[in-house]
Amino acid sequence: MHLIDLRSDTVTKPTPAMREAMARAEVGDDVYSEDPTVNRLEALAAEMLGLEAGLFMPSGSMTNQVALMLHLKRGQEVIAPRGAHIYEYEPGSLAVLSGGTIRIVDAPYGVPDPEAVRAAIHTSIHQAPTGLISLENTHNYAGGTVVPLEAQRAIQQVAQEAQLPIHLDGARFFNAVTALRTTPIELARGFRTVSICLSKGLGAPVGSILLMPQGYRAEAWRYRKLLGGGMRQAGVLAAAGIIALTEGPRQLERDHQMARTLAEGMLRLHLGVDMQAVQTNMVYAQIPQAPDFALRLRELGVLINPMSANRVRLVTHRDLRDEDIPLALDRIEQALQLA
Ligand code: TLP
């Protein structure tokens, strides 16, 4: 049976061109900053986003956490949108690594109201002082939703007035660039640090990059080492990353189209899909006993992730064939009939 894997865009496998580049990659010891391919990838990413420096790391969790370590002093608070990955899916890392706490603000479709962010800023001696504001674009938990540029600018304005740095979790930065029909430079503008993942829709096997001002890089480099993220001859991974960064973004429009087709089909099957939230490559649906539904679907050859007791997530990506979407919908219909 042909398996259709909709659990995440992280399941994409390296393309033949990536494997070829990995085999040929020029390498050195990246812990000494001597890997020419890693250095090339970091410089390329920095140039594309218009930030001064980049640092290659194994995962988006690590790039986010190093950013939090850079910005927060122990006991300080980060303001983040409800459902933020740094809170929901980076398991206590903030508390362990930065000694910080988090203040969640409501964020319909991943977009916090700038005035709510302003109101959440703490300066009193009785409260954990705010050290950072963080946004997520696209916002995973809210549905792979896009934070519009004007909303980003308004929140950056609040950060600036309060003299606070602002971080972007851009695990799916290029999905947002694609959906907003903007440029990487425009989307990254105004953030002190930006984390981007190469291993999601862009298709690289491993890797994320933290973009930052040059003055932060030495400390970030030390934190990466502290976390065990020094990867030695990482050029074999960076070589795939360069292809992901240069060629991956143009594939994303297709992923978004597939998600729309999938969502429309699921609506026809009376699944609870909020079409307003289907903005990029994710489809969330409300369904009772979501884990059981996911198990039934697995037996029919479709892998999906139950994200809670009554919510499932389906993610489209470059490794899907066009015919996989109608086929997945047929199997979903069968799974519903088995209920
Ligand atoms: N998210 C994963 C799971 O952890 C949920 C996924 O399959 O979507 N920021 C955001 C917004 C993310 O969605 C993810 C991955 C990360 C950071 C962390 O990236 P990795 O998995 O490389 O640590």
Side-chain angles (χ1 to χ4, degrees), residues 5-14 45 55-69 78 80-94 96-97 102 104 107 109-112 134-147 152 167-177 179 187 191 193-211 224 227-229 231 234 237-238 240-241 244-245 248 252 255 259 277 279-284 290 294 303-308 311-320:
D5 195 343
L6 299 171
R7 286 172 301 173
S8 185
D9 45 9
T10 58
V11 302
T12 45
K13 308 242 167 75
L55 188 62
F56 186 50
M57 301 192 210
S59 70
S61 300
M62 194 183 285
T63 42
N64 274 338
Q65 290 302 323
V66 167
L68 294 172
M69 292 168 85
V78 48
R82 186 168 305 287
H85 195 279
I86 57 168
Y87 180 56
E88 293 287 345
Y89 300 114
E90 289 169 30
S93 318
L94 166 69
V96 173
L97 301 171
I102 193 156
I104 295 295
Y109 298 104
V111 186
S134 184
L135 291 180
E136 190 173 308
N137 206 0
T138 63
H139 192 295
N140 177 354
Y141 192 88
T145 53
V146 171
V147 183
Q152 284 197 169
H167 169 71
L168 178 66
D169 176 354
R172 296 183 179 82
F173 180 87
F174 287 92
N175 294 82
V177 168
L187 195 71
F191 290 102
T193 49
V194 180
S195 155
I196 61 168
C197 291
L198 306 169
S199 59
K200 312 244 156 19
L202 301 183
V206 175
S208 293
I209 306 174
L210 183 65
L211 289 316
R224 182 184 67 175
L227 297 175
M231 291 191 290
L237 297 174
L245 205 49
L252 297 176
D255 295 358
Q279 300 177 9
T280 59
N281 68 332
M282 293 186 180
V283 183
Y284 278 86
L303 306 182
I304 64 170
N305 261 332
M307 302 300 274
S308 67
R311 197 169 179 238
V312 291
R313 186 186 74 167
L314 294 78
V315 185
T316 56
H317 53 77
R318 57 187 297 156
D319 284 4
L320 296 169

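In listed order, ligands and their atoms are each counted from 1.
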State the atoms of ligand 1, each with its element, that fall below the 4.0 Å cut-off from a heavy-atom position in [X].
X      : result
Asn64  : 9 (N), 17 (C)
Ser61  : 18 (C), 19 (O), 20 (P), 23 (O)
Ala171 : 9 (N), 10 (C), 11 (C), 12 (C), 17 (C)
Ser59  : 22 (O), 23 (O)
Ser8   : 6 (C), 7 (O), 8 (O)
Lys200 : 14 (C), 15 (C), 19 (O), 20 (P), 21 (O), 22 (O)
Arg172 : 6 (C), 8 (O), 12 (C), 13 (O)

Which residue owns the protein heavy atom closest to [atom], what's the atom, and how far is it?
atom                    : value
atom 9 (N) of ligand 1  : Asp169 OD2, 2.7 Å
atom 5 (C) of ligand 1  : Asn140 ND2, 3.8 Å
atom 11 (C) of ligand 1 : Glu136 OE2, 3.2 Å
atom 22 (O) of ligand 1 : Gly60 N, 2.8 Å

Which residues pass the side chain to side chain contact (heavy atoms under 4.5 Å, CB included) test with Ala67, not counting sequence neighbours?
His71, His167, Thr193, Leu210
Which atoms form the tightest heavy-atom contact between Thr280 and Ala259, and what is the distance?
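That would be O-CB, 3.3 Å.
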Salt bridge check: are Arg172 and Asp9 linked by an N-O gap of less than 4.0 Å?
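So Arg172 pairs with Asp9 through a salt bridge.
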Any Arg313 heavy atom less than 4.0 Å to ligand 1
yes
Ligand 1 and His85, any nitrogen or oxygen pair closer than 3.5 angstrom?
yes
Polar-atom distance check: Met282 versus ligand 1, any N or O pair below 3.5 Å?
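No: no nitrogen or oxygen of Met282 is under 3.5 Å from one in ligand 1.
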